[in-house]
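Proteins come first, then strands; the chains are lettered A, B, ... in the order of their sequence lines, and each starts at number 1.
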Number of protein chains: 2
Amino acid sequence: MITGQVPAAARALAVLRVLARAPGPLPAGALARELELPRSTVYHLLTAMIEQGFVTHLPEERRYGLGIAAFEIGSAYTRQEPLQRLSRLILTRLVDAVGHTAHLGVLHGREVLYLIEERAPGRPPLVTDVGVRLPSERTASGRAMLAALPAAQVRALFPGREPAQSPTQLRRLLTGVRRAGYAEEVDEVTPGFSSVAVAVLDHTGYPAAAVAVTCPSGTLDDDVRTRLVTSVTAAAQALERRLHGGRLTPADRPDSAP
Amino acid sequence: MITGQVPAAARALAVLRVLARAPGPLPAGALARELELPRSTVYHLLTAMIEQGFVTHLPEERRYGLGIAAFEIGSAYTRQEPLQRLSRLILTRLVDAVGHTAHLGVLHGREVLYLIEERAPGRPPLVTDVGVRLPSERTASGRAMLAALPAAQVRALFPGREPAQSPTQLRRLLTGVRRAGYAEEVDEVTPGFSSVAVAVLDHTGYPAAAVAVTCPSGTLDDDVRTRLVTSVTAAAQALERRLHGGRLTPADRPDSAP
DNA sequence: TGATCGTGTCTCGGATACGAGACACTGAAG
DNA sequence: CTTCAGTGTCTCGTATCCGAGACACGATCA
């Protein structure tokens, strides 16, 4: 439903969002149906978007997909956004220290949105790819952040009408996270893989992000867990210091955590 | 200069491109001046873009920056674009095999646009970040691709009015690249770092991309160069086979290159 | 303090963007 | 082969989007 003073502008952006959510390029007719727009309008929009590189036309398939300009503004966001800029090196060092793939995620509504995936050598790609959204209550990152949210806010996000997780179970789970100081997820996102995560709090105590590490479930005994939690916690704290305007010190390196 | 049937749509996209090229968030007045638009129009555009998450308002700074939706469509492009999808694993294996950071770049106009950076453990971030554009004739990736272009096309891209590189020098350089089968760049992009690159040709022989590896210049003796070139060439060929609809075989792994 | 500059918001007449509808083309199915 | 559904392109009357301009506010400077 497009309202406002510049409906054509809003429509172009809506086209981008539809194309981004699709598994691949779409026919113009499908776009028109999805957006409930006249066909001629959609062609006009697509023409402008192709000209500026945001959409690419695949004439053999008679479909339209995202264009290189979409990639460029996404990359520009990554370079400009302070949270991501500050996190890159910290996550790199975390991966070098623990040898497992690490992620930075943020809460967006009830979902986790993954901003960074720092892959460890020899490790496979995970479903938690950059730009991917997952239900927050099922992921370690989401749980870590939810546990740091005020209870009223968690209640507003999860009012209890879902069959997947009752408010009592969620409250219990988040209490456990707060007591332990980290969150965990075993086999729920990807069978055979487990994650531990720690929230990154801003200066008001709000969870701005979460740092997580993912390893094969079979390797996650008590020793490994302790070691991962220590490193992830140190990384989260380093990022907190960076967010609060602090400066990196040798103690901020995960491999020299106390 | 905005023309066409949906000028407001085109303007919104132009706003995104201006914000993407800026080092950080911009004031609305600066956007209006850059785009030569009335101020009230810019505020209307920004309102729609903020609503859909493409732009974020920083009221304390009285500036506007790219929003999370920009990141999401950029990530969606990465997931959907066949070249990037097909390249990820191949580049990962290349990095695992040679221990240095690898890149995938494409030619766009006279520039190289970096689509993928696969970082090696313990290696620092490079200027050749994803979404970054660099002059093609100064980078190994660009040289590899220019060498595979028809001469007429190279002449059209570099008509000789630049003081930086004469057409004769460029032609000689590209002849050398073709003879050697790979391109090189020493200390030109980043002092202290060198790259070797090989073009990836599509089924028509057009250079669809280039694979490159970057290492400290001090380590690049003849043995290392030979080893890197062999692995990069194998990766480029593996990607060519994937692009042509072939299927990965054990021989496609860089660490078992012939 | 007052003056100036830039930001953010809003109004309303008229220029232009929008879209209903038509036509040509293509590919798939019977 | 014919038919049908979908794609791509275009026209032109009118509804609505656009922007010139006004106002209020906040920050900075002399």
Just the rounded figure in Å: distance from C1' of C/dC12 to CD of A/Gln5. 13 Å
Are any non-hydrogen side-chain atoms of A/Leu16 and A/Leu66 less than 4.5 angstrom apart? yes
Let's see if you can work this out: which of D/dT7, D/dC18, D/dG19 has an atom nearest to the side-chain heavy atoms of A/Val6? D/dC18
Check the phosphate of D/dT9 against A/Tyr43, side-chain N and O only, distance under 4.0 Å to OP1 or OP2. Yes or no? no
Test salt bridge (Lys or Arg N to Asp or Glu O under 4.0 Å) on B/Arg133 and A/Glu72; report intermediate values, then the result. CA-CA 9 Å; B/Arg133 291 171 173 266; A/Glu72 288 187 271; 2.6 Å; yes
Taking C/dG8, C/dA17, D/dG8 as options, the one with an atom nearest any side-chain atom of A/Tyr64 is D/dG8
Determine whether A/Val112 and A/Met145 make a side-chain contact, defined as any pair of heavy atoms from C-beta on separated by less than 4.5 Å. yes
Can you tell me if A/Arg11 touches the phosphate of C/dG19, counting only side-chain N or O atoms and a distance under 4.0 Å to OP1 or OP2? yes
Given atom CD1 of B/Ile50 and atom C1' of C/dG8, what is their separation to the nearest angstrom? 11 Å
Do A/Ser75 and A/Arg79 come close enough that some side-chain heavy atom pair is under 4.5 Å? yes
Nearest-Å distance, CG (A/Leu26) to P (D/dG8)? 12 Å
Taking the inter-plane angle between the rings of A/Tyr77 and B/Phe71 on a 0 to 90° scale, is it parallel (under 30°), tilted (30 to 60°) or perpendicular (over 60°)? tilted
We want to know whether A/Gln80 and A/Arg85 form a side-chain donor-acceptor pair, criterion being a heavy-atom distance below 3.5 angstrom. no
Name the pairs: protein N/O against N/O of nucleotides 20-29 of chain D, kept only if under 3.5 Å.
unit_1 : atom_1 : unit_2  : atom_2 : d
D/dA20 : N6     : B/Ser40 : OG     : 3.4

5'-most by nearest nucleotide on DNA chain C - A/Thr41 or B/His57: B/His57
Let me know the distance between CD of A/Glu61 and C1' of D/dT7, rounded to the nearest Å. 14 Å
Atom CZ of B/Arg33 and atom P of C/dT7: how far apart are they, to the nearest Å? 7 Å
Provide, to the nearest angstrom, the distance between the CG atom belonging to B/Leu45 and the P atom belonging to C/dT7. 16 Å
Got a salt bridge between B/Asp129 and A/Arg88, using NZ or NE/NH1/NH2 to carboxylate O under 4.0 Å? yes
